[in-house]
Amino acid sequence: MSIFYDFYPSPDLRKDGQSTFNAKFVKNGEINTKELAQLIARRSTMSEADVIGVLTALCIVMKERLMDGNTVKLDNIGSFHVRVKSKKVSRTDEIRAESIETNGITFQVAKSLKDEMRKCDFIKVPTALSHRSVSTDKKKIISDIKLYLENHLYITRRELVGLCGLSNATAYRILKECVKNGMLNHPGAKNAPYYFKN
């Protein structure tokens, strides 16, 4: 079992003018519920149909528990809990339940799984499977940001890292430059992750 990686050039140059590169994870396909059930059935006494029934029930029960405010912990996998958001107010009595909404699910990986993943082997992705952009110069990155914002309300540093194969530091610097030149708007706290189109 190995994980594919590829190299992406960074827009940052070293002091001597040489390019720098970052290693990035490359997805090697996707496994769905039916395929997962087949793999589990081969390692257990349950049939594929039984496993699908258990996985379906797990999804339903997890949703119910999360909606009831519980943290759902799966041993050796990790914990899930709901994120919430509301508009900023100057007094706590201005917050009403009606103004609060869910803002996704947070997953915290179990230490045991994290430790096991450190044992992974990495291999260079074959050229035929590489999704690396031919060019990642600044003009191309800006173009990619504009294109992304045509279909999304905002972009985050993490999303830009995945979009263009950048380091966190480079993505942060480029987003700050976009705010400075008026292309993006970064409201709220200094460390808020959202960058909106102006």
Side-chain angles (χ1 to χ4, degrees), residues 1-5 22-122 148-149 151-163 165-169 171-172 175 186-196:
M1 294 183 289
S2 299
I3 294 176
F4 283 145
Y5 72 90
N22 299 305
K24 296 293 180 180
F25 163 82
V26 177
K27 184 172 74 170
N28 184 23
E30 186 175 278
I31 184 167
N32 59 33
T33 302
K34 181 175 176 59
E35 293 166 333
L36 195 61
Q38 290 172 345
L39 292 173
I40 294 173
R42 292 174 193 164
R43 298 188 180 199
S44 70
T45 58
M46 293 191 298
S47 69
E48 179 186 331
D50 290 335
V51 176
I52 289 178
V54 171
L55 292 175
T56 300
L58 175 65
C59 292
I60 294 171
V61 173
M62 281 186 65
K63 181 183 70 174
E64 291 173 349
R65 294 301 91 203
L66 288 168
M67 292 180 70
D68 201 33
N70 295 127
T71 291
V72 177
K73 180 179 179 181
L74 300 180
D75 292 345
N76 301 317
I77 295 179
S79 301
F80 302 80
H81 69 264
V82 175
R83 293 198 313 268
V84 300
K85 66 177 181 179
S86 68
K87 66 178 182 179
K88 292 185 178 181
V89 296
S90 56
R91 300 196 317 271
T92 57
D93 60 4
E94 294 178 352
I95 296 180
R96 298 286 186 273
E98 296 78 13
S99 64
I100 304 172
E101 59 185 47
T102 57
N103 189 29
I105 305 295
T106 294
F107 170 69
Q108 183 174 4
V109 64
K111 183 179 182 303
S112 57
L113 178 57
K114 187 184 295 185
D115 290 341
E116 284 297 315
M117 294 303 294
R118 290 196 178 100
K119 303 175 185 177
C120 288
D121 294 321
F122 293 88
Y148 184 87
L149 289 173
N151 298 301
H152 299 81
L153 181 62
Y154 57 79
I155 188 168
T156 66
R157 179 173 60 178
R158 179 177 295 180
E159 289 165 346
L160 182 56
V161 166
L163 184 67
L166 306 175
S167 67
N168 282 321
Y172 180 63
L175 288 170
H186 183 227
K190 179 181 179 182
N191 293 326
Y194 308 107
Y195 293 79
F196 297 85

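Nearest heavy-atom pair, Leu66 versus His81, reported as atom, atom and distance to 0.1 Å: CD2-CA, 3.8 Å. Nearest approach of Phe107 to Gly78, heavy atoms of both residues: CE1-CA, 3.6 Å.
Considering only residues two or more places apart in sequence or on other chains, Ile52 meets the side-chain contact (heavy atoms from CB on, under 4.5 Å) condition with Ala37, Glu48, Thr56. When the side-chain contact (heavy atoms from CB on, under 4.5 Å) test is applied to Thr102, the partners found at least two apart in sequence or on another chain are Val82. Residues passing the salt bridge (charged side-chain N to carboxylate O under 4.0 Å, His left out) test with Arg42: none are found, sequence neighbours excluded. Legend: residues meeting side-chain hydrogen bond (donor to acceptor under 3.5 Å, both in side chains) with Ser47, ordered by chain and number and at least two apart, are Asp50. Shown here are the side-chain contact (heavy atoms from CB on, under 4.5 Å) partners of Asn151, two or more places apart in sequence or in another chain: there are none. Lys119 is linked by a salt bridge (charged side-chain N to carboxylate O under 4.0 Å, His left out) to Glu116, counting only residues two or more places apart in sequence or in another chain. The ring-ring contact (aromatic ring centres under 6.0 Å, His included) check on His152 picks up Tyr148, with sequence neighbours excluded. Thr156 meets the side-chain hydrogen bond (donor to acceptor under 3.5 Å, both in side chains) test with Glu159; sequence neighbours excluded. In this view, Arg65 and Asp68 satisfy the salt bridge (charged side-chain N to carboxylate O under 4.0 Å, His left out) rule, not counting sequence neighbours. For Ser44, the side-chain contact (heavy atoms from CB on, under 4.5 Å) partners are Ile40, Met46, not counting sequence neighbours. A search for salt bridge (charged side-chain N to carboxylate O under 4.0 Å, His left out) contacts involving Glu101 returns Lys85, not counting sequence neighbours. Listed by chain and number, the residues in a side-chain hydrogen bond (donor to acceptor under 3.5 Å, both in side chains) with Asn76 are Ser112 (sequence neighbours excluded).
Asn32 contributes atom CG, which lies 4.0 Å from atom CD of Glu35 (distance to the nearest 0.5 angstrom).
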Output, in order, the C-alpha distance, side-chain angles, deciding distance and verdict of side chain to side chain contact (heavy atoms under 4.5 Å, CB included) for Arg157 and Leu175.
CA-CA 7 Å; Arg157 179 173 60 178; Leu175 288 170; 3.9 Å; yes
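Applying the 6.0 Å contact sphere to CD of Gln38 captures more than 12 heavy atoms from other residues, nucleotides or ligands. Counting non-hydrogen atoms of neighbouring residues, nucleotides and ligands closer than 6.0 angstrom, the CZ atom of Arg43 reaches no more than 12 such neighbours.
A 4.5 Å side-chain heavy-atom check between Leu160 and Tyr172 finds every atom pair outside the cut-off.
Under the 30°/60° scheme for interplanar angles, the aromatic rings of Tyr195 and His186 are found to lie parallel.
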